Visitor: 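The following block contains the structure, expressed as structure tokens.
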Amino acid sequence: MRLLVVANRAPIRKTDTGWSPSIGGLATALLPVLEEQGGVWVSMGEEPDLPERQPYPAEDPNFHVRRVPLTQETLDNYYYGMSNRVLWPLSHYMIEHMELNDDFYADYRDVNRRFAEAVVEEAQEGDQVWVQDYHLMLAPHFIRERWPEATIGHFWHIPWPAMEVFRILPQARDLLRGMLGCDLIGFHVDEYVNNFIESARVLLGAHVERNIIHWQGREVRIETHPLGIDTGRFQQMTEEKETQEAVQNLRDETGTEHLVLGIDRMDYTKGILRRLLAFEKFLEDYPAYHERVSFYQIATPSRTKLETYQQMKREVDEAVGRINGQFGTDTWVPVYYRYRKYTQRKLCAFYNAASVCFITPLRDGMNLVAQEYVTSNDGGVLVLSELTGASYVLDQAVKVNPYDHKALAEAIREALEMPEDERKERLRELKEATARLDVHRWADRFLKAMDRVAVA
Ligand code: ADQ
């Protein structure tokens, strides 16, 4: 049976030598499924000269990429507007960043409808549809209208907020109806499942039985499916000679006994500024650690067109300058800061070299960096914000409240001073938990759940 994946971005990218699969996340999980089962990946067409329908691989295709062409204005409203300036901050409980605008919503609706039309045009009997994420909340409803017997799943990658927060959105009910076009909706953790069910119950008056929402004569199952990483790939890459050389270079570069690491997209949900301020407090409180610890923050440029993101980058730049200006010496750089993308191999080197990974989002659907660290490290400590999905599945992390300035600084000290036996035991359990979440197992479990709803 073929699979129709519906996601904002395509799983392949153009390189100097031709087209190749994107690395990481969804593409890693779903391309093997498409290769085996065949199907279509429907995504947005951001660039006008890309083909609307592209066989992949070109010579002997396993599947097609179908693009929904968008003008710049539509892209600005649907993607930078409704998706990233309304749904993103709302879902992360950061309504101070929310910018409501009718044009954003009109184009969001329109793009979702066009995605649905593309899906229905591509559909063959027996195909299953798997929609991804917050860019495409209305697509399930539009697909269902045109193709009533379709089997439709949706996986939501970010938090689903408490009903009382979700209802702030003027289009909350419309969006919920859009999602209820599905047969199956998956979230990372139970908390989001419960929030979604509560939203449907209260805002739409839907009848709910355990994790089933009865809606317009159909049943919609709401399930927890925590997403993982490609653990085999990270393990293997970490062991390779080239990676270990990069680890050594990194140690030589910093020259300190300990490296504390932060890796994130540059996003206000990730808590980068508060993390830096906590490291500053740690240096103030514990001068014995001066010259012995460096903090390495890697931030990937993200949504750089948006003013909020530009403003946050300025604040982070400024904090790094201030801390290094105050504490740095001729032989010690307290904070290393890199604003760029790295290869996965280089990330593995950072993970392997770090004594502590300091992951403190103010809110995060899951957080895959935490899983990448525990997979690629062998003796370190994971400090993790309790406001992440990952904190529900990675029990043995040192959990912190990312808004608690003192506790954050104290967590760095606790991690650095943890006895070796405890570090090893915690890391062993964290590795086991991460292996259970592996992205291939995740895809397999979700697709099996789709099969169950298809026959129900
Ligand atoms: P993100 O918010 O992007 O994902 P996360 O889960 O941490 O957050 O994934 C980030 C990915 O980007 C990781 O795989 C990491 O290796 C990579 N990355 C980060 N910095 C990089 C750099 N400088 N260079 C190269 N790669 C870099 C959203 C949700 C999360 C959820 C995921 C998956 O916000 O909560 O975990 O989707 O569902």
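Just the heavy atoms: all of them, side chains too, but no hydrogens, waters or symmetry mates, feed the values below. Since the structure is predicted, the reported quantities are computational estimates derived from the model, not experimental observations. Order of appearance sets the numbers: ligands from 1, and atoms from 1 within every ligand.
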Visitor: Show the atoms of ligand 1 that are less than 4.0 angstrom away from any heavy atom in I298.
Guide: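 Near I298, the atoms of ligand 1 are 23 (N).
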Visitor: Does an N or O from L227, backbone or side chain, lie closer than 3.5 Å to an N or O of ligand 1?
Guide: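 Checking ligand 1 against L227, no N or O pair falls under 3.5 Å apart.
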Visitor: Identify whether the distance between the nearest side-chain nitrogen and carboxylate oxygen of K399 and E386 falls below 4.0 Å.
Guide: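 No salt bridge links K399 with E386.
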Visitor: Would you mind running through ligand 1 and noting each atom that sits below 4.0 Å from a heavy atom of I263?
Guide: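 In order of numbering, the contacting atoms are 19 (C), 20 (N).
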Visitor: Report yes if T300 has an N/O atom closer than 3.5 Å to an N/O atom of ligand 1; otherwise report no.
Guide: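 Yes.
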Visitor: Check the surroundings of atom CD in Q310: do more than 12 heavy atoms from other residues, nucleotides or ligands lie under 6.0 Å from it?
Guide: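 More than 12 heavy atoms, drawn from other residues, nucleotides or ligands, come within 6.0 Å of this atom.
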Visitor: Would you mind reporting whether L430 and Y373 have side-chain heavy atoms less than 4.5 Å apart?
Guide: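 A side-chain contact is absent here, since even the closest heavy-atom pair is not under 4.5 Å.
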Visitor: Using a strict cut-off of less than 4.0 Å between a Lys/Arg side-chain nitrogen and an Asp/Glu carboxylate oxygen, indicate whether R322 and E318 qualify as a salt bridge.
Guide: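 Yes, this pair counts.
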Visitor: Look at ligand 1 and say whether K346 reaches it with a heavy atom at a distance under 4.0 Å.
Guide: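 False for this residue.
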Visitor: I want to confirm something. Looking only at heavy atoms, which of D264, I359, L368 is nearest to atom 7 (O) of ligand 1?
Guide: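 Shortest heavy-atom distance from atom 7 (O) of ligand 1: L368.
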Visitor: Show which atoms of ligand 1 fall inside a sub-4.0 Å distance from at least one heavy-atom site of G365.
Guide: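 Result: 35 (O).
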Visitor: Taking heavy atoms and a distance under 4.0 Å, where does H188 meet ligand 1: side chain, backbone, both or neither?
Guide: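 Side chain only.
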Visitor: For R338, state whether at least one heavy atom is located under 4.0 Å from any atom of ligand 1.
Guide: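 Flag not set, R338 not near ligand 1.
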Visitor: Can you confirm if the NZ or CZ of R363 lies within 45° of the ring axis of Y93 and under 6.0 Å from the centre of its six-membered ring?
Guide: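 Yes, R363 lies over the aromatic ring of Y93.
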Visitor: Within a radius of less than 6.0 Å around NZ of K14, do more than 12 heavy atoms belonging to other residues, nucleotides or ligands occur?
Guide: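 Atom NZ in K14 is not crowded, with 12 or fewer foreign heavy atoms closer than 6.0 Å.
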Visitor: Considering residues, nucleotides and ligands other than E36, do more than 12 of their heavy atoms fall under 6.0 Å from its CD?
Guide: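 12 or below, so no.
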Visitor: Does ligand 1 have a heavy atom under 4.0 Å from the side chain of T388, from its backbone, from both, or from neither?
Guide: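 For T388, no heavy atom sits under 4.0 Å from ligand 1.
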Visitor: Would you say Y342 and ligand 1 have an N/O pair spaced under 3.5 Å apart?
Guide: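 There is such a contact, yes.
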Visitor: Is it possible for you to check whether R436 lies under 6.0 Å from the centre of the six-membered ring of W442, through NZ or CZ, and within 45° of that ring's axis?
Guide: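 No - R436 does not lie over the ring of W442 by the 6.0 Å and 45° rule.
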Visitor: Which of the atoms in ligand 1, numbered in the order shown and given with their element, are less than 4.0 Å from a heavy-atom of L347?
Guide: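 Result: 16 (O), 25 (C), 26 (N), 27 (C).
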Visitor: So, regarding M366 and ligand 1 (criterion: nitrogen or oxygen to nitrogen or oxygen, under 3.5 Å), is there a contact or not?
Guide: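 Min N/O separation from ligand 1 is below 3.5 Å for M366.
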Visitor: Any carboxylate oxygen within less than 4.0 angstrom of a Lys/Arg side-chain nitrogen, looking at E198 and R201?
Guide: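 Judged by the 4.0 Å cut-off on N to carboxylate O distance, E198 and R201 do form a salt bridge.
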Visitor: So for W88, does at least one of its heavy atoms come nearer than 4.0 angstrom to any atom of ligand 1?
Guide: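 Yes, that is the case, since the closest heavy atom of the residue is under 4.0 Å from the ligand.
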Visitor: Counting heavy atoms only, name the option from H157, Q371, R265 that's nearest to atom 3 (O) of ligand 1.
Guide: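 Considering heavy atoms of H157, Q371, R265, the nearest to atom 3 (O) of ligand 1 sits in R265.
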Visitor: Should L362 and H92 count as side-chain neighbours, where that means a heavy-atom distance under 4.5 Å?
Guide: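 Not in contact.
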